[in-house]
There are 2 protein chains.
Amino acid sequence: MRISAIEEYGLRCLLALAKQGKNNQLSISDIAEMEGLSVPYASKLLAILRRAGLVTAERGRGGGFSIATDPTQINLYDVLTALGGPMIDPKHCSRYAGQKNQCVHTEKCSIHDILGGLAGYVQSFLSKTTLRDLIAADSTGLLVRTGTHIEIAPTALEQELGSQRERTVLE
Amino acid sequence: MRISAIEEYGLRCLLALAKQGKNNQLSISDIAEMEGLSVPYASKLLAILRRAGLVTAERGRGGGFSIATDPTQINLYDVLTALGGPMIDPKHCSRYAGQKNQCVHTEKCSIHDILGGLAGYVQSFLSKTTLRDLIAADSTGLLVRTGTHIEIAPTALEQELGSQRERTVLE
DNA sequence: ATTATAGTTTACATTTGAGTAAACTTTTAG
DNA sequence: CTAAAAGTTTACTCAAATGTAAACTATAAT
């Protein structure tokens, strides 16, 4: 269960655009440069974001991308789902059916129940965090981090409302 | 962000062994048959589980696999980490460094902070669920499910302590 | 109109993970 | 002691995800 490359890099590109505000554009080459990506790859990511309605594109000279709506209106669940699909897709049972036509666990399946519960749990976490939160965290630096590792403030880890409290502080 | 095939199938094999109890063995071909997997593939998954110390193996005629310890002592976080590695590994920043040697976001990186927070959140969810819970859910059928889709009881979805309440009921 | 800029699309190459195959080692029944 | 049963290991093939290349379309400055 890992974050995919497209989710990771796509989110970064989107965040870069969100920081510019709705009335400022960045070209693909701008974004590629900023994020250390190749132009074709950034192009692919931005196309996905555009089709999902998260960014808007203007063609031609002087064109570029800009964030589609206010960063408070874009939450991480929608972004990651647009980039990487749902955590548990409707085809999960047939996708993991082994050698049989149908999954052997169709009658009673606690695993899928629990994983479905996990997916809901993750969704609830991600839905509460918006791009606005990420921007604020970057500019104020309230969250704990180290050079190479990732460390969230312990309070945020242990409590259900951790991310909400942070948002309250940051806003 | 998806469940990998190895995580999914490996968990199923482990759960099958957990249901047998610590004093009963299943051979690879038993498990492969039960789970609808090929013998070589089941073999691979069980080897991973054995190296992680989650199951024990006895060689030779009459041998087989059995669960290493009581199902109440094995939680889903440990199982999924053994099978698929950590959600965010220590090399995350260098893994997703784009074309540069170092990730361009080493200074301020709200994304990694939030994803790290998510990983902790997921860990907290998965750590609270043990194989015992899965066995109980399968036998009592308290959790909601449909034929092809996954639906956890709404109460469990919305509340932080959902899974704990279920465990209380089941035990 | 022409040209340079900039996003779009499709197809391709590369890498990684999924799943298979086969040879090997260990144990026990006879 | 031998053969069959059963787990172990390594190497390989195939499919999917990652990342690249290139040709295409749209816009605006001149």
Side-chain angles (χ1 to χ4, degrees), chain A residues 1-13 17 24-33 35-68 83-85 89 91-92 95-100, chain B residues 1-13 17 24-33 35-68 80 83-85 89 91 95-100:
Chain A
M1 189 170 38
R2 288 211 315 270
I3 304 287
S4 74
I6 288 179
E7 287 168 332
E8 169 81 28
Y9 292 132
L11 176 55
R12 290 187 200 173
C13 293
L17 284 170
N24 293 85
Q25 290 184 326
L26 290 176
S27 70
I28 288 181
S29 45
D30 290 338
I31 296 169
E33 168 94 17
E35 299 300 323
L37 304 173
S38 73
V39 171
Y41 191 37
S43 174
K44 183 179 193 168
L45 298 173
L46 288 161
I48 295 172
L49 293 170
R50 187 189 60 76
R51 289 190 208 107
L54 295 167
V55 302
T56 57
E58 265 192 78
R59 288 183 164 199
R61 196 175 179 134
F65 291 89
S66 57
I67 193 85
L83 289 164
D89 63 288
K91 292 177 189 164
H92 184 92
R95 180 188 175 104
Y96 296 123
Q99 295 185 321
K100 309 285 179 74
Chain B
M1 188 168 39
R2 287 211 315 269
I3 305 289
S4 74
I6 289 179
E7 288 168 331
E8 170 82 28
Y9 292 132
L11 176 55
R12 289 186 200 174
C13 293
L17 284 170
N24 294 84
Q25 289 185 327
L26 290 176
S27 70
I28 288 181
S29 44
D30 289 339
I31 297 169
E33 169 94 16
E35 299 300 323
L37 304 173
S38 72
V39 170
Y41 191 37
S43 175
K44 184 179 192 169
L45 298 173
L46 288 160
I48 295 172
L49 293 170
R50 186 189 60 76
R51 289 191 209 106
L54 294 167
V55 302
T56 57
E58 265 192 78
R59 287 185 166 199
R61 197 172 175 134
F65 290 89
S66 56
I67 192 85
L80 294 181
L83 289 164
D89 64 289
K91 292 177 188 164
R95 181 188 174 105
Y96 296 123
Q99 295 184 320
K100 308 284 177 75

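Lettering follows sequence order; numbering is per chain, from 1.
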Assess whether side chain to side chain contact (heavy atoms under 4.5 Å, CB included) is satisfied between B:Val55 and B:Cys13, documenting all intermediate values.
CA-CA 10 Å; B:Val55 302; B:Cys13 293; over 6 Å; no

Is there a side-chain polar atom (N or O) of A:Ser38 under 4.0 Å from OP1 or OP2 of D:dG19?
no

Considering all heavy atoms of both residues, which atom of A:Leu17 and which atom of A:Phe65 are nearest to each other, and what is their separation?
CD2-O, 3.3 Å

What is the distance, to the nearest angstrom, from the CG atom on B:Leu83 to the P atom on C:dG19?
13 Å

Hey, what are the protein-to-nucleotides 5-7 of chain C N/O distances that come in under 3.5 Å?
unit_1, atom_1, unit_2, atom_2, d
C:dT5, O2, A:Arg61, N, 3.3
C:dA6, O4', A:Gly60, O, 3.1
C:dG7, OP1, A:Ile28, N, 3.4
C:dG7, OP1, A:Gly64, N, 3.4
C:dG7, OP2, A:Ile28, N, 3.1

Rounded to whole angstrom units, what separation is found between the CG atom of B:Leu49 and the P atom of D:dT8?
11 Å

In terms of heavy-atom contacts, B:Gly10 and B:Leu45 come closest through N-CD1, 4.1 Å

Distance, rounded to the nearest Å, where A:Arg2 contributes CZ and D:dA16 contributes P:
18 Å

May I have the distance from B:Glu33 (atom CD) to D:dA6 (atom P), rounded to whole angstrom?
14 Å

Nearest heavy-atom approach of A:Gly62 to A:Gln25 is O-OE1, 3.0 Å

Side chain to side chain contact (heavy atoms under 4.5 Å, CB included) with A:Ser43: which residues, sequence neighbours excluded?
A:Ile28

B:Lys44 has an atom NZ; how far is it from atom P of C:dA23, in whole Å?
18 Å

Using atom CG of B:Leu45 as one end and atom P of C:dG19 as the other, report the distance to the nearest whole Å.
9 Å

Closest heavy-atom pair and its distance - B:Gly84, B:Glu7
CA-OE2, 3.6 Å

Could you state the CD1-P distance from A:Ile31 to C:dT8, rounded to the nearest angstrom?
11 Å

Without decimals, in angstroms, what is the distance between B:Tyr41 OH and D:dT8 P?
17 Å

B:Pro40 has a side chain; which of D:dG19, C:dA21, C:dG19 sits nearest to it?
C:dA21

